[in-house]
**Q** 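Okay, here's the structure, questions in a sec.
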Amino acid sequence: MDTIGTVSQSELARRRRQLRRSRRQKVFQAGWQLLAVSSLAGFLLWTTTSPALVIETPEQVEIEGNEFLSDRAIRSLLPLSYPRSILHVRPQELARELESAGTIAKATVSRQLFPPGLKVTVHERYPVAIAHEGSAIGPGIPTDTPPGLSPNPAVDSPGVRSVGLLDERGTWMPLESYTALDPTAQLPQLRVIGPLEQYRSSWQSVYQSIRRSPIKIHEINWQDPANLILKTELGLVHCGPYSPRFAEQVTRLGEMGDLPNQIDLAQIAYIDLTNPDRPSLQRIGVTAPQTVPTPESP
């Protein structure tokens, strides 16, 4: 019995020591946790108020990749107020906001800690044409050119349903998305008239053909599906219904650079390229068409 009693007392003493040690460890851990939380809270408070991590002005937002819109115009699209702690900025949300503007096809936003700021890289939707949907441009379009804009009329009128901009892929952009951001932006010289849905699927190949043409093309009139009309430096060109041969028609037009030396352009009603293998001229006041003269045969 004495042996049993001695063992029990020793075991009890050992357990008491374990409990005291466990309590001390818990108190120590709780103290460290409190210190860590307090330090983190203090750090967050410091970072939100410290000028070392605060964006004070829009100029601390660096813009890259823009060619058409100015840095200032793109900064104006960011829903930011200043000063703003860099830790409160959500780059992905800012990128989505930029892409929703219509003028930006792709955007990435990243934080810069030292010096504090943001880096914004954009891929613009570059406008290549002014698109007039609806009926032909009539006398309702003013001829005066607003300051900073191209001489192309680009406002709504009684004869035009809506006016916008197209990029080379046929993406429609509201005209105001550019002019409101940057009134000094130079708008495209090329115009397209007609319903967008009528030519959207063909626009990319049409534009690539036109941009390669040595003959300046000012306007594409797509109102009549049976006759695509180009307004060029040589005059009007009738192409007939749009077809895969349009590139050939533009190529044949490009071979007519010497035409002003062969005939008075003021006498030509239009150039007929319906059949690019046999182009012809329609003179004003003449019923029968005339074969396009070559440099060797005036």
Side-chain angles (χ1 to χ4, degrees), residues 128-141 143 150-154 157 159-161 163 166 168-170 188-298:
V128 298
I130 298 177
H132 301 255
E133 288 201 297
S135 54
I137 300 174
I141 294 287
T143 57
S150 77
N152 286 325
S157 75
V160 179
R161 181 162 57 88
V163 181
L166 292 181
E168 63 180 14
R169 296 187 177 183
Q189 299 296 310
L190 178 64
R191 272 192 311 204
V192 189
I193 303 173
L196 176 60
E197 295 308 317
Q198 184 167 293
Y199 62 84
R200 186 195 297 271
S201 61
S202 309
W203 170 252
Q204 192 166 359
S205 61
V206 167
Y207 174 70
Q208 293 303 323
S209 297
I210 287 176
R211 70 179 297 188
R212 290 192 293 264
S213 173
I215 301 299
K216 184 69 175 179
I217 298 175
H218 306 290
E219 181 180 286
I220 310 170
N221 191 323
W222 220 306
Q223 294 177 92
D224 182 1
N227 188 21
L228 174 63
I229 301 176
L230 305 179
K231 182 181 289 186
T232 77
E233 62 180 296
L234 300 180
L236 295 180
V237 178
H238 288 199
C239 299
Y242 174 76
S243 72
R245 300 197 71 185
F246 180 76
E248 294 180 53
Q249 293 170 316
V250 175
T251 298
R252 182 53 60 92
L253 176 65
E255 297 171 354
M256 299 181 185
D258 197 55
L259 190 60
N261 298 326
Q262 307 297 314
I263 189 173
D264 182 5
L265 297 182
Q267 299 177 6
I268 301 176
Y270 61 86
I271 301 171
D272 191 342
L273 281 177
T274 304
N275 182 357
D277 297 326
R278 298 182 63 184
S280 62
L281 304 176
Q282 184 63 56
R283 288 177 178 264
I284 297 175
V286 178
T287 304
Q290 173 187 338
T291 303
V292 174
T294 63
E296 293 77 15
S297 57

**Q** Side chain to side chain contact (heavy atoms under 4.5 Å, CB included) between Tyr270 and Ile229: does it pass, once the steps are laid out?
**A** CA-CA 9 Å; Tyr270 61 86; Ile229 301 176; over 6 Å; no
**Q** What are the two closest non-hydrogen atoms of Leu265 and Pro260, and how far apart are they?
**A** CD1-CG, 3.9 Å
**Q** By the ring pair (Phe, Tyr, Trp, His ring centres under 6.0 Å) test, which pairs, at least two apart or in different chains, include something from residues 246-267?
**A** Tyr242-Phe246
**Q** Got Ile268 and Leu259 here, is their nearest side-chain heavy-atom distance under 4.5 Å?
**A** yes
**Q** To the nearest 0.5 Å, how far apart are OG in Ser205 and CD1 in Ile210?
**A** 9.5 Å
**Q** Take Val192 and Trp203, measure what side chain to side chain contact (heavy atoms under 4.5 Å, CB included) needs, and give me the verdict at the end.
**A** CA-CA 10 Å; Val192 189; Trp203 170 252; 3.5 Å; yes
**Q** State, to 0.1 Å, how close Ala131 and Leu166 come at their nearest heavy-atom pair, and which atoms those are.
**A** CB-CG, 3.8 Å
**Q** Gln204: which residues meet the side-chain hydrogen bond (donor to acceptor under 3.5 Å, both in side chains) condition with it, sequence neighbours left out?
**A** none
**Q** Ile220 versus Tyr199: any side-chain heavy-atom pair under 4.5 Å?
**A** no
**Q** Would you compute the distance between atom OG1 of Thr232 and atom CE of Met256 and round it to the nearest 0.5 angstrom?
**A** 9.5 Å
**Q** Identify, with sequence neighbours excluded, every residue that meets side-chain hydrogen bond (donor to acceptor under 3.5 Å, both in side chains) alongside Asn227.
**A** His238
**Q** With sequence neighbours excluded, give me every salt bridge (Lys or Arg N to Asp or Glu O under 4.0 Å) pair touching residues 272-293.
**A** Arg245-Asp277
**Q** When rounded to the nearest 0.5 angstrom, what is the spacing between CG in Leu281 and CD1 in Ile263?
**A** 5.5 Å
**Q** What are the two closest heavy atoms between Ser213 and Val250, and how far apart are they?
**A** CB-CG1, 3.6 Å
**Q** Working to the nearest 0.5 Å, report the span between CG of Leu236 and CG of Asn221.
**A** 9.0 Å
**Q** State which residues pass salt bridge (charged side-chain N to carboxylate O under 4.0 Å, His left out) with Arg211; sequence neighbours excluded, sorted by chain then number.
**A** Glu168
**Q** Report yes if the side chains of Ile284 and Gln267 come closer than 4.5 Å at any heavy-atom pair, otherwise no.
**A** no
**Q** Pro289: which residues meet the side chain to side chain contact (heavy atoms under 4.5 Å, CB included) condition with it, sequence neighbours left out?
**A** Ser280, Gln282
**Q** Roughly how far, to the nearest 0.5 Å, is CZ of Arg252 from CD1 of Ile215?
**A** 13.0 Å
**Q** Between atom OG of Ser209 and atom CD of Gln249, what is the distance when rounded to the nearest 0.5 Å?
**A** 10.0 Å
**Q** Could you please spell out the steps behind the side chain to side chain contact (heavy atoms under 4.5 Å, CB included) verdict for Leu253 and Ile217?
**A** CA-CA 10 Å; Leu253 176 65; Ile217 298 175; 4.2 Å; yes
**Q** Who pairs with Pro225 by side chain to side chain contact (heavy atoms under 4.5 Å, CB included), at least two apart in sequence or on another chain?
**A** Gln198
**Q** Please answer whether the main-chain N or O of Lys231 pairs with a side-chain N or O of Glu219 as donor and acceptor at a distance below 3.5 Å.
**A** no
**Q** Begin from the C-alpha positions of Val163 and Ile130 and carry the test side chain to side chain contact (heavy atoms under 4.5 Å, CB included) through to its verdict.
**A** CA-CA 7 Å; Val163 181; Ile130 298 177; 3.9 Å; yes
